[in-house]
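Remarks on the structure that follows.
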Amino acid sequence: MTQTRKRIPIERVSEFVQDGDSVWLGGWTVVRKPFAMAYELIRAGKKNLHLVNNPGGPETDLLVGCGCAAKTETNYIGHELFGHPYNFRRRFEQPESNQGFRHDDWTVATGSLRIMAGAMGIPFIPTKFLRGSDILNPELDGFRDLRGIDPKVPKRKFMMLKDPFWEGEEVVLIPAIRPDVCLIHAQEAGEDGTVRITGGLFLDYYAAVAAKITIVSAEKIVSREALEDTREENAIPGEAVDAVVEAPFGAHPTAVHGCYDNDPWWFRDYLKASKNEGTMQKWVDEWIVGPGSFKGYLEKVGARRLGKITADPELSYSATIKRRLDKLEEVN
Amino acid sequence: MTQTRKRIPIERVSEFVQDGDSVWLGGWTVVRKPFAMAYELIRAGKKNLHLVNNPGGPETDLLVGCGCAAKTETNYIGHELFGHPYNFRRRFEQPESNQGFRHDDWTVATGSLRIMAGAMGIPFIPTKFLRGSDILNPELDGFRDLRGIDPKVPKRKFMMLKDPFWEGEEVVLIPAIRPDVCLIHAQEAGEDGTVRITGGLFLDYYAAVAAKITIVSAEKIVSREALEDTREENAIPGEAVDAVVEAPFGAHPTAVHGCYDNDPWWFRDYLKASKNEGTMQKWVDEWIVGPGSFKGYLEKVGARRLGKITADPELSYSATIKRRLDKLEEVN
Amino acid sequence: MAPNYSRLEMMVVAASRLLCDGEKVLVGTGIPLVAAILAKKTHARGMVMVMEAVAFDSDPESLPFCVADPRAVYRTTWTPTSAEVMCHFLQSGKIDVGFLGGAQVDRFGNLNSTCIGAYGLPEKRFEGSGGASDIASLAKRTIIIMNHEKRRFVERVDYITSPGWKCRALDWKSDVMRADVGLDGGPHAVVSTLGVMKFDPSSKEMFVETYYDDLGVSIDDIRHMTEFEIDLSRARPMKPPTREELAVLREKVDPEGIYMRY
Amino acid sequence: MAPNYSRLEMMVVAASRLLCDGEKVLVGTGIPLVAAILAKKTHARGMVMVMEAVAFDSDPESLPFCVADPRAVYRTTWTPTSAEVMCHFLQSGKIDVGFLGGAQVDRFGNLNSTCIGAYGLPEKRFEGSGGASDIASLAKRTIIIMNHEKRRFVERVDYITSPGWKCRALDWKSDVMRADVGLDGGPHAVVSTLGVMKFDPSSKEMFVETYYDDLGVSIDDIRHMTEFEIDLSRARPMKPPTREELAVLREKVDPEGIYMRY
């Protein structure tokens, strides 16, 4: 077996990400998002990141809001039913806050195909989706002025080709996604990087393989022997992972199957704060800069709130938490 | 949950396969091959089948030897270290036994890509493999005279395309595989068709989704509740399966992880018999036609031999069986 | 006596009735999820409810907050990724019904969930397609559910996120029928807070099939709340929710009022 | 005193020595498997042994009979399919070493495992490429292992299953260097029952690096058993197997003699 020990402390994550890198953020909207690592990137003041994911959640809105991202390339950025991605929106709706920000719209299926192509090392893949939609409208291509110039952006958004093999249908060729860095949060990982994920892998395996560098934070670092016992549940081989971080509650405020649920208090506060630049900056100071570390952040969240969102082991989610922000009761 | 009960007796399998169909045979060379179902096709006298698999094992050599197959399209047909696929070979080496038989050569990786494309419903997929190899040599295309004529054969074997998105590499477009029928043997299945496979799924999921009709035989039919408990190990959803058959030892003489090992006595006898048409026909009469059913076949194999190959539950294979055919001891 | 249910509830019940037992239904986050679960817990027990992120043949005990929610995979027997759900099942034509919300719809059932106003400098930017464009493209039929407002039922959507019956040509310079760009399926119904709209088999334009008469909705209300001219000639009153439908919706599907905002 | 080991054993030991600790090695069924397991159980404990069907980071306790054998996945932590191994790891350039057998090899390391004679009507038809063509195409380097016979070391292989240094052009009408068809990597060594051959960095032609002197092999033997002209000027004697190498091979790797035919 491979002998490499890849464990690093969370403070070292930002060394693996360079300004300007394309970064895939694993998970799905408000589930299993690599928040502890995203907070590190913000504290390290990363700039000009090109964020790719499928789809993006609060971590993406936050990185946009903190000025870390110059480009987003995804099918969705939002908080599901909790509310709207105000930082992301502001870049569009208020030209003065745009700051050269660019966004390229895709879809869940085509993003899946594109990161699969990236994992396979092939430059493109055909699809039957996108025909008839403005998502391919060349006049509405958010990356139009970057194509052929920015090496992290494909030279074209798509190409049509008539199938030469079967019925001769016109299909759409779409480019692979090739991230520089992939950040994933998982339930368990081994010292060698093997990753166990339950209750939904999303596209994390493909992204881990497609990226040049992959870092996984996990609720728990487990032994090789434990991972041998869960073989059919292990989702990513250690060979696709460059570093692992032990970070309990490392996806907070998003949910982790079998571990904890969404933190509605976080969403309530964040949504209120993110509605304008000023309150947003105050929120960042209070919740990210101030605590100074992920440990400090969790202490600020508090054991009672973390207890409230802890999952029922049988159900894999919290059976008691309330999720309506307008009727939320305080915990303290 | 879906309520459909899809269980059929093994005798009904042949109703799902029509003469001339393209048939995907699951498993991998000498592992988890759908033998009980292949024997049914032989007893039913199926003709002109177009066999696709990745790769083929003794079941393919046998179907070729029994005159059931008019075409094979795969990367390998053989018995691994046990010996050579004499029936398949004869179609090439002895023109008088060719009978219009056609073979199209591929590779493991490109066969994988092609059945993935079939599962995705896209007509082709790009690859970086095959360049520089005679496998694409247009003058050595085994299906050359069928292209554009036989609707089960792609109009072309491949097409070159210069990548328009990234570095401009010349890649090879290869056609999807779209089987009419997929036959798989698994460790467990539910009445609704959900399939649990451990120790190697091979390409069975993709083939099950790509095929118009999928039939799964399983060592054991298990309850919905049992399948809920093994969720992360379940490989194929019931929605991709049209019928399930309970067939203990249904992959004999090939190995099934956790259940039984290869039967070396079978390979010894088959290899000896398959060296010429006459002894082959005798073998078929003795082992397939004579016993009349899979039950009769297993009785003929005998409980002692089946006991010998039964897997150690901890190891998932038999720790005691000897695999050198030249030193095999009899069991009776 | 005033009805004891809301237009939101009527909308969810009306939508749930369009789902049939035995169908594979690919459901989006939000109200579609509520209506699909209601169907599954009433008349369509054998419906296979699929969500793009991970849930396949889902039968949740507690209402999922999104399509990736651990509630959605409780006691399922398969946890695919969006590669399997969207690329293998949807792209290969194996999904019977797509069930979607949106911000704008037009007479041909084109859906916009991207932005209001010009794409480059919109008045309002939304979260984006998610899987909506994919689902509307290749499900065998699509059901749309949304609030009935004039700014939502528009003459022409500002951006075609999800193609309806008449959508962009492959040169993206004109509009053509969806079959001309290789798409099967198409919008089957738009279920709103005022009624249920369907599409004329020959013109492919939206018409009113039923309206929520019992809740005081008139066909004139629909006319006024719809920016484009809509055929009202076939409109008939909607059958109110049954006691069972309301009870299951309120007590089992969304007791917390997460989506129904009681 | 005559050596207490066979040419087959020397070949397996010589091949195992070419594998390095820490490398990801994609191994074919048969003798390559034996040599790779020997390396893993001696000097290359941290080598990641991968097999195309399912085994990833394999460290079997009992010799697998093929790359799909349950023995290959015993206590592994991941069971991929050939889609992951071949398409994700190999195609994307993540495999360090490909390790293959074959029926014929030529001076440029092209391998044939398809047929002897004309493709349409061969003297001898073999099982086919399996994963050999893929592995030889995109592993960072390829090691070939085969019996040294004149009918196997040929001027020109009858069919290029697996491309070597000079292979088919993209019009399939001429031969070109592999870089010209977009392939990286290439044959690194051919380990035979007589010696170890490498490829000249500039001409890309095979030359003899070592021969099994202790077993009575001379460079003239290699010349006579090779159909094409081969450079012998750099040949030096091979270091015999160590006691440990032989002990591990005989007692741990293949005690039954399945591959080694004791």
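Below, chains carry the letters A, B, ... as their sequence lines are ordered, and counting in each starts from 1. A quick note: this is a predicted structure, and the numbers were derived from the prediction, not measured.
Distance check: Met116(B) CE to Cys87(C) SG gives 10.0 Å after rounding to the nearest 0.5 Å. Within the model, atoms CZ of Arg75(C) and CG of Asp229(B) stand 4.5 Å from one another, a figure rounded to the nearest 0.5 Å. Rounding to the nearest 0.5 Å places CZ of Phe56(C) at 14.0 Å from CZ of Arg231(B).
Within a 6.0 Å sphere centred on CG of Asp19(B), other residues, nucleotides and ligands contribute more than 12 heavy atoms. Within a 6.0 Å radius of NZ in Lys220(B), no more than 12 heavy atoms belonging to other residues, nucleotides or ligands are found. Heavy atoms from other residues, nucleotides or ligands lying under 6.0 Å from NZ of Lys24(C) number more than 12. Remark: Lys252(C) NZ is loosely packed, at most 12 non-hydrogen atoms of other residues, nucleotides or ligands lying under 6.0 Å away.
Nearest heavy atoms, Asn234(B) versus Thr77(C): ND2-O, 2.8 Å. Taking every heavy atom of both residues into account, Val209(B) and Phe89(C) meet most closely at CG2-CE1, 4.2 Å.
Residue with the most contacts toward chain C among Ala240(B), Ala210(B), Ala235(B): Ala235(B) (heavy-atom pairs, distance under 4.5 Å). Heavy-atom pairs under 4.5 Å with chain C peak, among Pro237(B), Gly121(B), Ala119(B), at Pro237(B).
Aromatic ring pairs are classed by plane angle as parallel below 30°, tilted from 30° to 60° and perpendicular above 60°; the pair His88(C) and Tyr206(B) is perpendicular.
In this structure, Gln91(C) contributes its side chain and Met120(B) its backbone to a donor-acceptor pair below 3.5 Å.
Under the 4.0 Å criterion applied to side-chain N and carboxylate O atoms, Glu239(B) and Lys94(C) are not assigned as salt-bridge partners.
With a threshold of 4.5 angstrom between heavy atoms, Glu225(B) approaches chain C through its backbone and through its side chain.
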